[in-house]
J.: 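Let me give you the structure first, and then I'll get to my questions.
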Amino acid sequence: MKVILPDGSELALPEGATGMTVAESIGPRLAKAALGVTINGELKDLDTPLADGDHVSVITAQSEEGLSLLRHSASHVMAEAVTRVFPDTKVAIGPSTKDGFYYDFDFPEPVSEEDLSRFQAEIEKSIKETQSFQREVVSREEALELFENEPYKLELIRDLPEGETISIYRHGNFLDLCRGPHVPDTSRIPAVKVLSIAGAYWRGDSDNRMLTRIYGTAFPSRKELEKHLESLELAKQRDHRKVGRELDLFSFHDEAPGFPFFHPKGMVVVNTLLDYWRKEHIAAGYREIKTPLILDRSLWERSGHWDNYKDNMYFTKIDNLDFAVKPMNCPGGILIYRAAQHSYREFPMRMAELGLVHRHELSGVLHGLFRVRAFTQDDAHVYCLPDQVENEVVRVIELVRRMYHTFGFDKVHMELSTRPAKSIGTAEMWERAETALASALGRLDLEYRLNPGDGAFYGPKIDFHIEDIMGRTWQCATCQLDFAMPERFELEYIGEDNQRHRPVMLHRTVLGSIERFLGIIIEHYGGAFPAWLAPVQAVAIPVADRHIEYAHSVAAELSAADLRVEVDERAESVGRKIRDNELLKVPFMLIVGDKEAAAGTVSMRARGRGDLGAMSRDAAAKMVADESRAPRVDG
RNA sequence: GCCGGCGUAGCUCAACGGAAGAGCAACUGAUUUGUAAUCAGUAGGUUGGGGGUUCGAUUCCCUUCGCCGGCUCCA
């Protein structure tokens, strides 16, 4: 028989050949690296018999699917190891994830981090033993019997649709309900590492029992595993909570859990960020507003927040009346719209607000600046005519992409979410709105993912996800149409026909939360902000005390050019001052001693680039100024 | 909110029923320094808060607050 390889060539094989036969006939290295096989596009075990004419591709850990196959198998190996250590453990599920795998267990007794090394040791044993994975197809009855002591498996089996093939995989003494496929044997997963332990609800539902989830990762080689563990360590070094403390940017205190305190240097970064934000928004035709933090109950009843968002809101009483601290900016912004009568001639009307919102988040979800209870949304609402929507959305997308580019976030992926089952508004309204969003994306020739039914109940939306330097993704910007608010607040404008009409309301953010965005860029840059954002852009370092005066005169010149500059007057060695400022990620150091003072020069050192040599004071000021220039904003 | 872990000096961590320690930072003094740590000294803690067990608690138990890792939720 013959099979067809990925390059289109044909390969003659004996009857009964498997994926392994294919790998072996291509080469011994491939045979060794082979983990699975795709047959006519379907991922299968390597020992699956092939049929004449099959399109066959051997899968190794080089591919995304090969790596996740390997990790999925590793999760089985871990489950086996864990049940060997704690025999009465009930097993739940164990899939692969983006960076590794996990397996959920129901332990007879609490298990702690200290047990992880025991699991690790057992895993190593299994790998050494080269246990093979064997697939078996069983009937529903057989399956129910095989897993009679595994309540979670039983639940899964019972939920399998009628007629579904039920397969099980065995390796060593372990048996698992699993669709597969798996690697041929445990020797193919030589580098497994048990990483951490955490709680997780059965089937992700908080009404269910809490299981113990054990995370791990696996790679095709030790070397790759080591590399991954190193990058985890690196990410830990970049943790914005650590960097924020080291660079004296912000802090958190028990007296206000979830509410960040910004220090002077942190405020420089925030304000510089906001200066840039304002320039972009003015250029994009927005006008800025500001609305109160605390507003009367009636407003929140009208907006629907009182009924739908109460659990996340903070309340207060003033003169015996109920007030709420705003969790969103729109209702307040709408009052500004309603403060005057509007004409279609004013549209599109773009109102931006850097609004501080408070949301009572569950204590367990707080996480540095990434998840806080008070944050500044870079919000804006655009009021426009229905046929202006598409154009406005295009403008929002362009603004988002331009601003992200400034921070090097060029990998942006977009998701369009459409009408959910429970929603308000007419079918025609939704149709029109979804088309407008889709054609805006189409006009810019952008790829996006469609999330049918994932929109808000009040309108469809586009979400933007950025990818940081460590490959993690973040949803920051959002652009959503809102049919609810204009109705609830009876917003109106006078049209060309001199009649009252309801405007379309567009709700959008670019950075999302200023606090979280700061956290993201701290980690993205590892604290080494580009000079325009750096809290201190240059430090003048006098070699000895007698150079302090000269250092100040140099600093004064930079200061006069609106640069943020300090003089390190400490009675420390030059080496020490350089080290400390290097650790503080100061972009430029201007070292001045006898030579410089006599010649009227400075010795320039740039962060991470080392000594750049002597230059005139003018040249130095120009260099720092040039590299510290805020990003250009052209309308 | 839930599960697990952790709260010791400003930071990073020791001590784990029997006089609370180190390094860095801070302060004082000396040093006046040439591209990633000068030296010496001083001070700093009701061991997160409250309660209990004990002759004795940082250590064991309960409780509360906070933090960390996840889950759920979300910007």
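As a basis for the values below, the full set of heavy atoms in this structure was taken, side chains included, without hydrogen atoms, waters or symmetry mates.
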J.: In chain order, what residues pass the salt bridge (charged side-chain N to carboxylate O under 4.0 Å, His left out) check against R203(A), with sequence neighbours excluded?
T.: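 Counting only residues at least two positions away or on another chain, R203(A) forms a salt bridge (charged side-chain N to carboxylate O under 4.0 Å, His left out) with E155(A), D159(A).
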J.: Among all residues two or more places apart in sequence or in another chain, which pass the side chain to side chain donor-acceptor pair (under 3.5 Å) test with D378(A)?
T.: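 Expected list: W277(A).
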J.: Could I get the full list of salt bridge (charged side-chain N to carboxylate O under 4.0 Å, His left out) partners for E150(A), not counting sequence neighbours?
T.: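 Counting only residues at least two positions away or on another chain, E150(A) forms no salt bridge (charged side-chain N to carboxylate O under 4.0 Å, His left out).
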J.: Tabulated below should be each protein N or O lying under 3.5 Å from an N or O of nucleotides 9-16 of chain B; please produce it.
T.:
{"from": "U12(B)", "atom 1": "OP1", "to": "R245(A)", "atom 2": "NH2", "distance (Å)": "3.1"}

J.: Which residues pass the salt bridge (charged side-chain N to carboxylate O under 4.0 Å, His left out) test with R373(A), sequence neighbours left out?
T.: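 Per chain and number, R373(A) pairs via salt bridge (charged side-chain N to carboxylate O under 4.0 Å, His left out) with no residue.
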J.: Report each atom pair, protein N/O against N/O of nucleotides 58-60 of chain B, whose distance is under 3.5 angstrom.
T.:
none

J.: Got a list of side-chain donor-acceptor pairs under 3.5 Å for residues 354-364 of chain A, not counting sequence neighbours?
T.:
{"from": "R359(A)", "atom 1": "NE", "to": "P327(A)", "atom 2": "O", "distance (Å)": "2.9"}
{"from": "R359(A)", "atom 1": "NH2", "to": "P327(A)", "atom 2": "O", "distance (Å)": "3.2"}
{"from": "H360(A)", "atom 1": "ND1", "to": "Y314(A)", "atom 2": "OH", "distance (Å)": "3.3"}
{"from": "E361(A)", "atom 1": "OE1", "to": "R371(A)", "atom 2": "NH2", "distance (Å)": "2.8"}

J.: For RNA chain B, which residues in residues 533-544 of chain A have a heavy atom at a distance below 4.0 Å?
T.: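 When residues 533-544 of chain A is checked for heavy atoms under 4.0 Å from RNA chain B, the hits, listed by number, are V543(A), A544(A).
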J.: Show me the pairs that pass salt bridge (Lys or Arg N to Asp or Glu O under 4.0 Å) and involve residues 204-219 of chain A, at least two apart or across chains.
T.: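 Every salt bridge (Lys or Arg N to Asp or Glu O under 4.0 Å) pair that includes a residue of residues 204-219 of chain A, provided the two are not neighbours, is D104(A)-R213(A), D106(A)-R209(A).
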J.: Which pairs, with at least one residue in residues 601-617 of chain A and sequence neighbours excluded, count as a salt bridge (Lys or Arg N to Asp or Glu O under 4.0 Å)?
T.: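 Passing the test, one end in residues 601-617 of chain A: E557(A)-R617(A), E582(A)-R605(A), R609(A)-E627(A).
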J.: What does K595(A) touch in the nucleic acid at a heavy-atom separation under 4.0 angstrom: a base, only the sugar-phosphate, or nothing?
T.: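 Touches a base.
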J.: Looking for any heavy atom pair under 4.0 Å, which part of the strands does D611(A) touch: base, sugar-phosphate only, or nothing?
T.: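 If one applies the 4.0 Å heavy-atom cut-off, D611(A) turns out to touch a base.
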J.: What contact category does E582(A) fall into here, base, sugar-phosphate, or nothing, at under 4.0 angstrom with non-hydrogen atoms?
T.: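 E582(A): base contact, heavy atoms under 4.0 Å.
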J.: Along nucleotides 70-75 of chain B, 5' to 3', which nucleotides get a B, which get an S, and which get a -, given that the test is a protein heavy-atom distance under 4.0 Å?
T.: BBBBBB
J.: So, under a plain 3.5 Å distance rule, would you say the side chain of E255(A) forms a donor-acceptor pair with the base of G66(B)?
T.: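 Answer no: no donor N or O sits under 3.5 Å from an acceptor.
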J.: Can you give one letter per nucleotide of nucleotides 24-29 of chain B, 5' to 3': B if a protein heavy atom sits under 4.0 Å from the base, S if only from the sugar-phosphate, - if neither?
T.: -S----
